[in-house]
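Below is one structure, written out as structure tokens; the observations come after it.
Please read these numbers as outputs of a predicted model, since none were measured by experiment. This chain uses plain numbering: 1 for the first residue, then up along the sequence.
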Amino acid sequence: MSGFQAADVSVHIEGKAYTLRLTLGALLEISEKLKVLGPRSLAQKLKEMGHDQSSAKTVAVLLEALLRPALKCVPYVDVSTLANKAIPVNYLPAITQVFERSFTESNGG
């Protein structure tokens, strides 16, 4: 996957720009790691998030899964390490924006 897509969101981690992208593969990874079945279950999990360690881990999983698709062609970037360097709560607005953009009709979907 190359180039910026309509639902992509750009974020900065340690001063470098990266792209968050929601794909079917990212959704599968999120579902498996967070043990959620379907978008409603995921939405409920996100609504229940607070400011605890469990929520921080949830955001880290989301961040890693959304970073992975746009970085597949960048072999020198370890997505897990990159996601762990980020402060998860700082990226929640961008993560939310990726989901909103992906599931709105303004993107032609």
Side-chain angles (χ1 to χ4, degrees):
M1 290 185 168
S2 62
F4 202 78
Q5 298 179 6
D8 289 353
V9 174
S10 183
V11 296
H12 286 81
I13 301 174
E14 293 194 323
K16 292 184 180 179
Y18 296 95
T19 300
L20 300 182
R21 178 175 294 160
L22 183 62
T23 63
L24 291 177
L27 282 173
L28 179 62
E29 181 179 344
I30 291 165
S31 295
E32 289 176 351
K33 289 185 176 179
L34 297 181
K35 309 283 190 253
V36 295
L37 299 173
R40 288 188 179 157
S41 180
L42 176 59
Q44 186 60 38
K45 185 163 189 76
L46 295 177
K47 286 179 188 176
E48 293 170 355
M49 287 193 336
H51 295 287
D52 57 4
Q53 189 64 23
S54 175
S55 293
K57 288 180 183 178
T58 297
V59 176
V61 165
L62 292 168
L63 184 61
E64 184 175 340
L66 296 173
L67 281 166
R68 193 175 315 285
L71 291 174
K72 281 187 177 181
C73 299
V74 187
Y76 59 87
V77 175
D78 179 45
V79 179
S80 297
T81 301
L82 181 63
N84 287 327
K85 289 180 180 181
I87 299 170
V89 71
N90 292 348
Y91 298 92
L92 192 52
I95 290 168
T96 301
Q97 192 175 25
V98 169
F99 281 94
E100 288 173 349
R101 286 182 179 183
S102 296
F103 294 108
T104 60
E105 291 191 38
S106 64
N107 286 319

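- Transitive grouping of hydrophobic side chains (ILVMFWY, heavy atoms separated by less than 4.5 Å) brings Val98 and Phe103 into a common cluster.
- Considering every non-hydrogen atom in both Leu22 and Ala26, the closest pair reads CD1-CB, 4.3 Å.
- Distance check: Gln97 CD to Asp8 CG gives 10.5 Å after rounding to the nearest 0.5 Å.
- Looking at heavy atoms from C-beta onward, Glu29 lies in side-chain contact with Glu64 at the 4.5 angstrom threshold.
- Under the side chain to side chain contact (heavy atoms under 4.5 Å, CB included) rule, Tyr18 has a single partner from Val9, Leu63, Val11, Leu66, which is Val11.
- Under the 4.5 Å side-chain criterion, counting only non-hydrogen atoms from C-beta, Leu20 is in contact with Leu67.
- Rounded to the nearest 0.5 Å, atoms CG (Leu62) and CD1 (Ile95) are 5.0 Å apart.
- Put simply, the side chain of Tyr91 never gets that close to the backbone of Ala60: no donor and acceptor are under 3.5 Å apart.
- With values rounded to the nearest 0.5 angstrom, Leu28 atom CG is found 9.0 Å from Thr23 atom OG1.
- Summarising the geometry, atom CG belonging to Leu92 is positioned 13.5 Å from atom CD1 belonging to Ile87; distances are rounded to the nearest 0.5 Å.
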